[in-house]
2 protein chains.
Amino acid sequence: MEGNSPCASCKLLRRRCTKDCIFAPYFPSDDPHKFSIVHKIFGASNVSKMLQELPVHQRADAVSSLVYEATARTKDPVYGCVGAISYLQNQVSQLQMQLTVAQTEILCAQMQQVPAMAEQQIEAYDNNLTGMPQLMNNASSSSLAQDQLKREFLWT
Amino acid sequence: MEGNSPCASCKLLRRRCTKDCIFAPYFPSDDPHKFSIVHKIFGASNVSKMLQELPVHQRADAVSSLVYEATARTKDPVYGCVGAISYLQNQVSQLQMQLTVAQTEILCAQMQQVPAMAEQQIEAYDNNLTGMPQLMNNASSSSLAQDQLKREFLWT
């Protein structure tokens, strides 16, 4: 009971709102829709039983979730909250699939980079190796040229 | 009513199961738990009203979702189905984050590949260009060497 006015639940149920009313802390008189919706779906008696079975510090959360569920059932009388669960499960499946595709793409890119890097390393290694023979070739070709020219010199 | 035995709902509510019982098609007598769980959470009267407000072809789905919701509320009296919704919403957020990270990684890899490819193309272009001057240099260096050797010949 808030001040002198009964809570939204007692007002709807047309009963006296006592000091220890189980609904009063969660269903203020200025929000009658909040109680009427849970009453329509779960029934006041069931909501009262559910709240009584819970410790006081968990009751506000329980009321919030009951209001959420009742609203969902009112909007979607066939599937209620389960419609949202089904939608979210599909979304999770699609995202997991997209993530798998993306991770495979990353893996493929990494595997393409590895041979490319290996190729670069092999190329760099080859250049280091071929650097020496090239010098040797240059040296030998130059001496060959000199030999040839010397021969030319001898014959001229 | 199935044969001579009352449906699970009428059995629990201790009432006569008529030919047109709204519960009978969905709550067979061999599965008493199915009705008792929705009765505990929603109340038989509310379930009956909800089914009456739906076309016959949607009632089986509605019963399935009510059983699912009631089971969730029994397992988790504070959050019920909303706990599953919250869990799935978190999973969706995490997957969306992971997907964004993966897609950014793919984008970065693609942007790294573009300059690498451009570099390779520039390198290939340079090689084509430098191929000619190299020949020219070789030619000129060889003629220079010959000139020098000719000079050496003259001086010897």
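We name chains A, B, ... by the order of the sequence lines, and we start the count at 1 in each one. These numbers come from the heavy atoms of this one structure, side chains and all, not from hydrogens, waters or symmetry mates.
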Winner by heavy-atom pair count (cut-off under 4.5 Å) against chain B, out of A:Glu69, A:Gln94, A:Gln89: A:Glu69
Largest heavy-atom contact set with chain A, pairs under 4.5 Å, which of B:Lys49, B:Glu53, B:Gln103, B:Gln91: B:Gln91
Residue B:Arg59 versus chain A: region with a heavy atom under 4.5 Å: neither
Greater than 12 external heavy atoms within 6.0 Å of B:Tyr79's OH: no
Residue among B:Ser45, B:Ala72, B:Cys81, B:Ala102 with most heavy-atom pairs under 4.5 Å to chain A: B:Cys81
Rounded distance (nearest 0.5 Å) linking atom CG of A:Leu99 with atom CD of B:Gln98: 5.5 Å
Path from A:Ile22 to A:Phe35 over hydrophobic side-chain contacts below 4.5 Å: yes
Cluster overlap B:Val63 with A:Val78, hydrophobic side-chain contacts below 4.5 Å: no
Chain B contact via A:Leu54 - which portion, at a heavy-atom distance below 4.5 Å: side chain
Residue pair A:Ile85 / B:Ala84: nearest heavy atoms and the distance that separates them: CD1-CB, 3.9 Å
In one Ile/Leu/Val/Met/Phe/Trp/Tyr side-chain cluster, 4.5 Å: A:Val38, B:Val47: yes
Single-linkage hydrophobic cluster B:Met97~B:Tyr87, side-chain heavy atoms < 4.5 angstrom: no
Cluster check A:Ile37, B:Val82: I/L/V/M/F/W/Y, side chain < 4.5 angstrom: no
Taking every non-hydrogen atom, the tightest pair across B:Met50 and A:Ile41: CE-O, 3.5 Å
Heavy-atom check, side chain of B:Leu66 versus side chain of A:Arg73, under 4.5 Å: yes
